[in-house]
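Below you'll find the structure, written out as structure tokens, and then a few comments.
Remember, it's a predicted structure, so these values are computed and weren't measured experimentally. The chains referred to below are lettered A, B, ... by the order of the sequence lines, with proteins before strands, and numbering in each begins at 1.
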Amino acid sequence: MSVETPDTIVDRLWAPFEAQSGSKRSLLLMSPLILFELLVFVVPFVILVRISVSEQAQSLPYAEGTLTLASYVEVLQSGLLQGIIVYSFKLGVIATVITVLLATFYAYATWRADGLRKSALLFSVVLPLLTTLVIKTYAWVPLLAPSGTANNLLLAVGLLGSPIQVVPNTLGVVVGQVYIVFPYAMLAIYSVLSTVEWELVEAARDLGAGRVRSFFEVVLPEIMPGITVATIISFAWSVGAYSAPALLGAGSDRPFALEVQEQMLLNFNWPVATALSTIMLVLMFVSIVCIYAVLGRFGGDISNAT
Amino acid sequence: MSDIELQAISKSYGDLQAVDDVDLSVRDGELLCLLGPSGCGKSTTMRMISGLETPTSGEVYIGGENVTGQAAYDRDTSMVFQDWALFPYKTVLENVAFGLKMRGDGSEERTERAGEMLKRVHMDGFEESNPTDLSGGQKQRVALARSLAVDPDVLLLDEPLSNLDKRLREEMEIELKDIHEEFDKTFVHVTHNQDEAFTLADRIGIMNDGRLVQVGTPTEVYRNPTNRFVEEFLGDTNFIAGEVAGVDDGYGRLSTEFGATIRLPAFDAVSPGARLTVSLRPEFMRIQRPDETNNSEATTARADGAGGDTMTGTVTNTIYRGSRIRYVVDVGGEQLFVEQSVTDQTGIEEGEGVELGWTTDDILVFSPDGSRVRGR
């Protein structure tokens with residue numbers, strides 16, 4: 001990049017950027033990303049919103065060129081669709097709470113472990129990520145089914161009188177969903193936790209704080225950014241869950257993703273499907289802003305999360 | 001009473017023996033420095049007093065009570081950490097009040113006490129600051145206030161001054177000494193810095209390789225070390241190896257490898273042919289031009305008759321070290337160094353032939369295994 005050797009390819013590519021200054025240069029450097037975002041997110045989203053305000057048509061997915069809010073009214077008035085929205089958020093909240101609690105424990109244990117044990121704990125988290133989502137979700141069926149391994153084992157040792165219907169059932173959906181998002185949540189928390197100085201915990205204990213107290217007083221505020229990220233990942237994914245409810249749920253387990261799929265591919269009702277998607281997107285956005293605001297207040301600096 | 005008694009404590013991590021069979025008693029109200037090179041086990045020893053480490057074997061008594069099995073939060077000790085370990089998401093005041101909060105003191109009470117402590121360490125006005133915005137010296141003061149606030153029986157300091165620059169460190173040493181006198185607590189201070197230990201300590205415990213080598217007052221350990229390690233660790237010195245050539249009127253003569261002869265202090269165990277190493281501290285040696293010898297009182301024998309000794313050589317280097325000047329003197333191929341105060345300006349320059357003089361009683365003698373050979 002020096003003036004003396006202006007002939008390399010890097011130099012020639014760099015020259016136009018060099019000529020710019022400050023914000024203009026950073027804008028230029030970001031331009032490929034901005035273009036990418038426009039193409040894969042903004043444009044399809046605009047198309048999606050456009051479809052949602054079109055009229056429904058009998059033989060076509062939607063009536064082109066029309067403009068109406070009828071689909072939104074339909075979604076908001078339909079008891080069935082309201083139930084679906086509520087179910088999605090319930091699943092999101094339950095799966096997130098369980099995931100974040102488990103992930104915090106697991107991350108803490110990994111943080112405190114050393115040598116082989118630490119490697120084993122980390123590897124176990126990463127391992128499921130190497131298998132496809134459908135296979136690892138479906139693997140719960142033989143394990144949790146009424147005549148599956150878990151039930152048989154509990155029946156054999158006499159802890160259960162009769163088998164429990166975990167799969168297909170809402171319980172199975174929660175188990176499957178927690179299992180899917182757990183690695184991401186754990187790694188988000190662990191990445192922050194691993195930078196915390198153990199000396200801080202020692203100082204707290206030295207000053208009279210017990211094990212639990214020292215965690216809440218000293219460790220928790222430090223790892224709040226990681227917990228916030230874990231919460232948002234778990235929540236966004238679980239509200240939009242598709243494979244766990246589809247594979248492990250009963251007929252009554254209908255989150256919005258399944259409904260959108262049915263409206264689009266079976267009913268050919270694209271305006272309702274897109275209107276439902278848009279409403280969910282707005283609700284999710286509001287929820288995430290709330291999560292940010294609430295969790296951010298408990299300490300930590302969100303900008304440290306990365 | 002808050003005396004500390006360590007009885008045969010050891011700590012090992014797998015194959016690594018961090019602390020090896022240490023017996024140590026710290027008197028009530030004493031400031032004891034544990035001094036040693038890094039990795040010698042001094043910090044681990046202190047952490048076993050605090051309860052942050054449990055000894056592999058041996059027992060810890062504080063104030064006569066066996067606390068070996070007690071966790072850190074149940075012990076009346078408080079520790080100042082090397083990196084100060086201030087809680088980053090709490091204000092300075094909350095940091096100092098933390099121990100009081102854990103103890104269950106009311107909000108008003110602990111704010112008042114924490115405020116007092118901050119005032120004592122001259123950090124009033126910083127109550128609402130974030131610890132991460134403070135300088136090293138300020139963090140140091142806050143950490144000290146936090147530990148003092150809980151009014152511990154024993155205050156443990158784990159190299160708290162090692163991250164400060166020299167001037168600030170010396171300032172804090174004086175302040176620590178004042179605080180020790182004012183609060184009248186038992187202090188255990190871990191350091192690898194000899195000057196720090198000499199400035200602060202009532203007694204110094206010197207550790208090496210997980211073992212406690214010697215415990216004594218600064219003067220005792222400096223003038224009367226138990227072995228070569230202590231002599232070497234506490235300050236620069238000239239070690240001169242040689243063989244006992246003979247004995248004259250009870251004084252051995254050490255024939256050095258570079259051809260000089262050194263008179264040894266009087267002791268019984270001397271036998272011709274024995275290999276010994278003597279230590280000559282640079283500040284116990286005098287340097288002068290040979291022609292000045294006769295009119296200088298330096299070489300006249302002491303009243304006790306131990307006598308003086310001399311050696312001649314050539315100055316190869318002079319190093320100005322602020323208040324002192326160090327001369328490197330070549331004696332028959334061996335480089336010895338001598339230190340003089342700048343006020344004793346002799347004007348000696350590089351290349352000049354000089355005479356080195358010392359009093360025989362200032363020589364310390366060690367056997368080849370490093371143990372001390374004591375005088376009669």
Side-chain angles (χ1 to χ4, degrees), chain A residues 104 107-108 111-120 189 191-231 292-306, chain B residues 13-14 43 46-53 70-91 94-105 110 114 117 130-132 139 142-152 154-160:
Chain A
T104 307
Y108 193 91
W111 182 47
R112 292 316 307 148
D114 47 16
L116 194 63
R117 203 180 302 168
K118 190 187 203 104
S119 309
I189 295 170
S191 67
V192 180
L193 190 56
S194 61
T195 66
V196 176
E197 303 265 355
W198 176 243
E199 238 182 28
L200 294 178
V201 180
E202 289 190 330
R205 291 196 184 165
D206 189 53
L207 290 165
R211 284 162 196 284
V212 178
R213 194 88 191 262
S214 57
F215 173 79
F216 281 101
E217 287 282 350
V218 177
V219 181
L220 195 61
E222 291 244 12
I223 63 169
M224 231 33 227
I227 287 186
T228 307
V229 170
T231 305
Y292 241 89
V294 173
L295 293 185
R297 181 172 294 201
F298 285 113
D301 184 353
I302 301 286
S303 60
N304 288 345
T306 44
Chain B
Y13 302 96
S43 282
M46 165 178 277
R47 289 166 61 83
M48 287 192 279
I49 300 174
S50 76
L52 292 170
E53 301 282 354
Q70 267 183 21
Y73 44 80
D74 286 329
R75 294 193 193 180
D76 258 347
T77 60
S78 187
M79 184 143 146
V80 179
F81 290 80
Q82 182 169 7
D83 301 318
W84 312 305
L86 298 178
F87 308 129
Y89 291 109
K90 296 182 190 296
T91 64
E94 284 169 345
N95 262 280
V96 177
F98 185 84
L100 306 167
K101 186 177 166 190
M102 293 306 111
R103 197 161 79 180
D105 288 2
R110 58 181 196 248
M117 286 300 138
N130 188 324
T132 48
K139 285 181 187 167
V142 174
L144 194 59
R146 183 176 70 177
S147 286
L148 286 170
V150 293
D151 196 28
V154 176
L155 191 73
L156 304 167
L157 302 116
D158 188 7
E159 307 215 25

Exercise. Closest heavy-atom contact between Ala209(A) and Tyr73(B)?
Worked result: O-CD2, 3.4 Å
Problem set entry | Proximity breakdown for Glu202(A) and chain B, heavy-atom pairs closer than 4.5 Å | both
Exercise. Can you say whether Arg205(A) sits under 4.5 Å from chain B via the side chain, the backbone, both, or neither, judging by heavy atoms?
Worked result: both
For this session: Mind listing the closest non-hydrogen atom pair of Tyr89(B) and Glu222(A) along with its distance?
Result: CE1-CA, 3.4 Å
Problem set entry | Atom group of Leu86(B) that falls short of 4.5 Å from chain A, counting heavy atoms | backbone
For this session: Under 4.5 Å heavy-atom distance to chain A, tell me which part of Asp76(B) shows up: side chain, backbone, both or neither.
Result: neither
For this session: Please step through side-chain contact (heavy atoms from CB on, under 4.5 Å) for the pair Glu217(A) and Glu94(B), ending with a clear verdict.
Result: CA-CA 11 Å; Glu217(A) 287 282 350; Glu94(B) 284 169 345; over 6 Å; no
Problem set entry | Contact summary for Leu207(A) and Met102(B), nearest pair of heavy atoms | O-CB, 3.7 Å
For this session: With the side chain counted from C-beta on, respond yes when Met79(B) and Glu199(A) share a heavy-atom pair under 4.5 Å apart, and no when they do not.
Result: no
Exercise. Do other residues, nucleotides or ligands put more than 12 heavy atoms under 6.0 Å from Arg211(A) CZ?
Worked result: no
Exercise. Heavy-atom distance under 4.5 Å to chain A: side chain of Arg146(B), backbone, both or neither?
Worked result: both
For this session: Indicate the atoms forming the closest heavy-atom contact of Phe87(B) with Leu200(A), along with that distance.
Result: CE2-O, 3.3 Å
Exercise. Got a sec: does the CZ of Arg103(B) have more than 12 other heavy atoms crowding it under 6.0 Å?
Worked result: yes
Exercise. If you count heavy-atom pairs under 4.5 Å with chain A, which of Leu156(B), Thr77(B), Val150(B) comes out on top?
Worked result: Thr77(B)
